[in-house]
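Okay, structure first, notes after.
Note that the structure is a prediction, hence the values are computed from the model and not measured.
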Amino acid sequence: MRAIPLKLIALILLLTGCSNIRISSNSGEWVETGFRAGKVETYSFEELMSYNHRYLGSLNEEYCHTDNIEPAPSFKHLERQLKADTQELGGNAIVLAPCERLRNYGSCTTLLRCHAGAYVIDFDGV
């Protein structure tokens with residue numbers, strides 16, 4: 001009878017022991033947010049007035065940065081989330097208010113805050 005190599009036994013045990021491991025990621029959510037945000041354009045309020053539009057609502061996004069070593073991210077992430085939220089409401093246009101950066105706000109070393117108005121533009125009825 002031929003002996004089974006110890007490495008083969010160890011490999012089989014390792015593979016069967018890891019068979020119940022599940023790897024999870026939020027990358028699907030990140031991609032979906034980017035896809036939805038890509039369907040929404042940014043306009044100034046003056047530009048919006050030249051289109052047949054309807055107001056959907058006011059949106060707010062905040063990010064509390066607590067890392068003292070790394071700098072706070074840019075406002076791009078918040079703006080992308082606002083666009084994705086607009087698209088979820090059925091909108092295709094957004095008017096951004098100036099974003100604000102607050103230092104040492106509560107437990108945040110930096111608080112990023114953005115506001116926007118969500119709209120739907122009817123391009124067929126221009």
Could you grab the distance from atom [atom1] of [X] to atom [atom2] of [Y], nearest 0.5 Å is fine?
X: Ile94; Y: Ile121; atom1: CD1; atom2: CD1; value: 11.5 Å
X: Asn92; Y: Glu41; atom1: CG; atom2: CD; value: 8.5 Å
X: Phe75; Y: Gln81; atom1: CZ; atom2: CD; value: 15.5 Å
X: Glu100; Y: Leu112; atom1: CD; atom2: CG; value: 9.5 Å

Side-chain contact test, heavy atoms from C-beta onward, threshold under 4.5 Å: evaluate it for [X] versus [Y] and give yes or no.
X: Thr110; Y: Arg101; result: yes
X: Tyr119; Y: Tyr43; result: no
X: Glu61; Y: Asp85; result: yes

Next item on the list: Identify which one of Leu59, Leu96, Leu78, Thr42 satisfies the side-chain contact (heavy atoms from CB on, under 4.5 Å) criterion when paired with Lys83.
Entry: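 Answer to the side-chain contact (heavy atoms from CB on, under 4.5 Å) test with Lys83 among Leu59, Leu96, Leu78, Thr42: Thr42.
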Over all atoms of both residues, closest heavy-atom pair of [X] and [Y]:
X: Glu47; Y: Ser44; answer: OE1-N, 2.8 Å
X: Thr86; Y: Ala118; answer: OG1-CB, 3.5 Å
X: Ala93; Y: Leu48; answer: CB-CD1, 4.4 Å
X: Leu82; Y: Cys114; answer: CD1-CB, 3.7 Å

Margin query: Set out, in order, the CA-CA distance, both residues' side-chain angles and the distance that settles side-chain contact (heavy atoms from CB on, under 4.5 Å) for Asp122 and Arg54, then state yes or no.
Written below: CA-CA 8 Å; Asp122 179 11; Arg54 183 171 46 94; over 6 Å; no
Next item on the list: Could you tell me whether a side-chain N or O of Thr109 sits under 3.5 Å from a main-chain N or O of His65, the two making a donor and an acceptor?
Entry: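 Indeed, once roles are kept as given, a pair shorter than 3.5 Å links the two residues.
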Margin query: Would the distance check show the side chain of His53 and the main-chain N or O of Tyr55 forming a donor-acceptor pair, the cut-off being under 3.5 Å?
Written below: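 No, because the side chain of His53 does not come within donor-acceptor range (under 3.5 Å) of the backbone of Tyr55.
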Next item on the list: Check the surroundings of atom OH in Tyr105: do more than 12 heavy atoms from other residues, nucleotides or ligands lie under 6.0 Å from it?
Entry: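 Counting neighbours around OH of Tyr105, 12 or fewer heavy atoms of other residues, nucleotides or ligands fall under 6.0 Å, so no.
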Margin query: For a side-chain contact (heavy atoms from CB on, under 4.5 Å) check, start with the C-alpha distance between Cys99 and Glu79, then their side-chain angles and the critical distance, and finish with the verdict.
Written below: CA-CA 9 Å; Cys99 294; Glu79 291 172 2; 4.1 Å; yes
